[in-house]
Amino acid sequence: MSLDLQKLASFAKEQGFIYPGSELYEGIGGIYDYGPLGVELKRRIADLWWRAMVQLHENIVGLDAAILMHPRVWEASGHVEAFHDPLVDNKVSKKRYRVDTLIEEYAQRLEERAHKEVEKKLRKAGLPPEKAKEEVEKHKDYQRAQSLRARLAEAMAKKDWPALTALLEEEKIPCPESGSTEWTPVRQFNLMFSTHLGAVAEEAQEIYLRPETAQGIFVDFPLVLKTARLKVPFGIAQIGKAFRNEIVARQFIFRMREFEQMEMQFFVPPGTEGQWYEYWKEKRLRWHQHLGLRPEYLRFKDHEHLAHYARAATDIEFAFPFGFREIEGIHSRTDYDLSRHAQFSGKKLEYYDESQGRSYVPYVIETSAGLDRLVLAHLSHGYSEELAPTAEGGQELRTVLKLHPLLAPIQVAVFPLIRKEDFVQKARALYEELRFYFLTAYEEKDSIGRRYRRYDAKGTPFAITIDGQTLEDETVTIRDRDTLQQIRLPMAQVRAYLAEKFDVAQWLRTL
RNA sequence: GCGGGAGUAGCUCAGCCGGUAGAGCAUCAGCCUUCCAAGCUGAGGGUCGCGGGUUCGAAUCCCGUCUCCCGCUCCA
């Protein structure tokens with residue numbers, strides 16, 4: 001775990017995987033661009049996800065919903081409420097809190113204190129505990145707690161942040177950490193990006209860029225159900241961009257403001273969600289493993305605090321250079337989303353189950369993977385510096401990106417051993433042919449060893465060299481990126497050899 | 001937002017106490033090379049983050065500002 005992010009970011013930039021966004025203009029925080037190699041890596045990951053989910057399951061269909069959705073969608077989903085937190089910083093402890101939880105917790109402490117004191121008092125006076133409620137309600141701390149709650153509720157309802165600032169000040173609410181009562185003004189943080197629908201400024205309506213792709217699936221659920229002739233259990237899969245105004249976007253492309261999700265919502269009869277949850281947990285872990293992420297780099301992390309709509313939730317975590325972090329979430333979401341949309345839209349979002357002879361709102365198992373996080377996972381997992389033999393018989397460091405062959409941005413490189421006309425001609429001819437089938441590169445500059453190393457760093461799994469012997473018997477060498485071993489093959493068999501190495505169907509069978 | 005660090009060529013960096021920019025790698029052109037990078041020749045590339053000040057003169061000193069990185073806070 002010695003690889004630091006700085007170095008990886010630098011490597012990714014230099015090789016053309018990932019660039020800082022808008023670098024020409026000093027950059028823009030938390031935004032990154034995918035360069036020539038990065039875009040290949042990313043779309044290969046996405047493609048293999050799509051094949052594993054949609055192509056391989058007759059009961060999973062694809063969808064590409066719009067980024068812009070009706071504003072009511074985000075009220076129904078709970079995002080408008082959840083993503084607009086008023087926050088405040090304590091000037092002494094430098095800690096940041098949500099104002100509502102800060103005040104609520106303080107009120108709770110006051111109440112507890114009131115209860116304790118009353119209990120003590122009653123015991124001393126030998127009075128029966130039945131008097132407790134009455135006594136507590138008379139207690140000044142209890143009364144203060146109630147008044148705090150009332151003022152909090154009123155200010156929250158009106159989104160009156162200055163009133164909350166005043167409340168903190170007047171009531172001398174202390175910081176749980178430092179006890180300090182010095183606060184910055186209350187500010188609202190909006191985690192959703194807003195924009196305007198409608199070209200005429202005055203008539204434009206404020207809408208949001210989606211903070212997650214899932215809602216597109218729920219909103220289109222009835223249409224998909226009607227047009228795709230599906231029966232539960234079935235799934236809807238989608239890959240697309242989502243946007244969040246993260247307070248701090250950090251750790252390279254791990255947390256970005258514009259990111260891409262690969263989500264699948266699986267609709268099941270209520271009562272069967274448990275087994276499907278287990279099914280998808282296992283299925284998704286396998287997919288990651290089969291793309292080359294070693295088992296010890298992956299783990300499940302169950303959520304301890306479940307969201308109100310969730311039955312169960314777990315994350316698949318990957319060992320990034322900065323620790324184990326989520327790359328995919330598998331959630332049992334009950335019928336919460338569909339029910340909310342039914343409620344907000346006034347339409348029925350039910351499924352008629354012939355086997356049960358009744359209609360119901362299906363339960364949902366969600367698998368939600370972060371595409372950019374997977375790119376980062378494969379880059380950091382594959383990056384390695386190791387000793388390799390040199391021409392002089394010594395050892396030297398080589399940088400190699402050990403990507404799974406199916407993810408390689410350049411699948412095969414073709415080199416003439418030396419830059420002489422007959423070598424070059426043969427190599428060019430092979431390149432011209434192979435490119436119809438594979439992402440192929442041709443390179444004749446520099447010494448052969450140097451070219452091997454250059455493509456090692458790009459993650460190219462195979463390098464083919466045309467040498468003196470090729471001119472005599474039409475055989476070439478194929479070098480393996482990871483083992484450095486070479487085999488010699490008739491040129492006519494190269495395509496078949498590579499086709500087998502890059503056989504997606506074969507890979508899908510292993511899932 | 002707070003605290004810390006940093007901004008000089010695509011990358012990694014040098015440039016001491018101020019005298020109008022350098023190295024290695026990379027890139028391009030050519031030479032040389034018969035299997036694991038850093039041989040040869042030549043070329044391109046930098047308003048030294050930006051603005052202001054001090055000075056005869058600033059990458060170098062002072063002030064301001066922006067951006068990036070790390071930590072904290074946040075993360076349905």
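By convention in this document, chain letters (A, B, ...) are assigned in the order of the sequence lines, proteins followed by strands, and residues within each chain are numbered from 1.
For A/M256 and B/C74, the CE to P distance is 23 Å, given to the nearest whole Å. When rounded to the nearest whole Å, the span between CZ of A/F254 and P of B/C74 equals 16 Å. Taking atom CG of residue A/D467 and atom C1' of nucleotide B/C35, one finds them 8 Å apart after rounding to whole Å. Put simply, CD1 on A/I418 is 14 Å from P on B/C36, counting in whole angstrom units. To the nearest angstrom, P of B/G42 lies 19 Å from NZ of A/K445. Taking atom CZ of residue A/F243 and atom P of nucleotide B/C75, one finds them 22 Å apart after rounding to whole Å. Rounded to a whole Å, the CZ atom of A/R255 is 12 Å from the P atom of B/U73. In this structure, A/M192 atom CE and B/C75 atom P are separated by 15 Å, rounded to whole Å.
Partner A/D446 forms a side chain to side chain donor-acceptor pair (under 3.5 Å) with one of A/R454, A/R419, A/R451 and no other, that one being A/R454.
One finds no side-chain N or O of A/R451 lying less than 4.0 angstrom from the OP1 or OP2 phosphate oxygen of B/A38. When the side-chain nitrogen and oxygen atoms of A/K7 are compared with OP1 and OP2 of B/C11, none of them lie within a distance under 4.0 Å. OP1 and OP2 of B/C36 both lie 4.0 Å or more from every side-chain N or O belonging to A/S447. Considering only side-chain N and O atoms, A/K13 lies under 4.0 angstrom from the phosphate OP1 or OP2 of B/C11.
Atom-to-atom distance recorded for A/M53:CE and A/I60:CD1 is 5.0 Å, nearest 0.5 angstrom.
Heavy-atom nearest nucleotides on RNA chain B were determined for A/E14 and for A/V476, and the one closer to the 5' end corresponds to A/E14.
Pairing for B/G45 is absent, judged as Watson-Crick or G-U wobble with the two contacts each under 3.5 Å. Both distances falling under 3.5 Å, in either a Watson-Crick or a G-U wobble arrangement, place B/G30 opposite B/C40. The partner of B/A23 is B/U12, by the rule that a Watson-Crick or G-U pair needs both atom distances under 3.5 Å. Across all strands shown, B/G71 forms a Watson-Crick or G-U wobble pair, both distances under 3.5 Å, with B/C2. Under the Watson-Crick and G-U wobble criteria, each requiring two contacts below 3.5 Å, nucleotide B/G7 is paired to B/C66.
Spacing between B/U55 and B/G18 at atom C1', rounded to whole Å, works out to 9 Å. Across the C1' atoms, B/U12 and B/U8 are found 12 Å apart, a figure rounded to whole Å. Look at the P atom in both B/A43 and B/G24: the space between them is 14 Å, to the nearest Å. Rounded to a whole angstrom, the distance from the P atom of B/C48 to that of B/A21 is 10 Å. Taking atom P in both B/A6 and B/G49, the straight-line distance is 14 Å, to the nearest Å. Comparing the C1' positions of B/A38 and B/U27 gives a spacing of 15 Å, expressed to the nearest Å. Here, B/A29 and B/U20 have their P atoms 35 Å apart, quoted to the whole Å. Across the C1' atoms, B/G46 and B/A59 are found 11 Å apart, a figure rounded to whole Å.
There is a side-chain donor-acceptor pair under 3.5 Å between A/Q265 and A/E366. The closest side-chain donor-acceptor pair between A/T314 and A/Y277, if any, does not fall under 3.5 angstrom.
Not a single donor-acceptor pair, N or O on each side, falls under 3.5 Å between the base of B/C11 and the side chain of A/S10. A donor-acceptor contact under 3.5 Å is not formed by the side chain of A/R454 with the base of B/A38. At a cut-off of 3.5 angstrom, counting only N and O atoms as typed in the model, there is a donor on one side and an acceptor on the other between the side-chain of A/R479 and the base of B/C36.
Other residues, nucleotides and ligands contribute at most 12 non-hydrogen atoms within 6.0 Å of the CZ atom of A/R495.
Taking only side-chain atoms of A/L484, from C-beta outward, the nucleotide of B/A76, B/C36, B/U33 with the closest atom is B/C36.
In this structure, A/F218 reaches neither bases nor backbone, as no heavy-atom distance under 4.0 Å exists between it and the strands shown. A/Q469 comes within 4.0 angstrom of no nucleic acid atom, judged by non-hydrogen atoms across all strands. Residue A/T477 is in base contact, counting any heavy-atom pair closer than 4.0 Å across all strands shown.
For an aromatic pair to be called close, the ring centres must be under 6.0 Å apart, and A/Y34 with A/Y32 fails this.
In this structure, the side chain of A/Q411 engages the main chain of A/L439 through a donor-acceptor pair within 3.5 Å.
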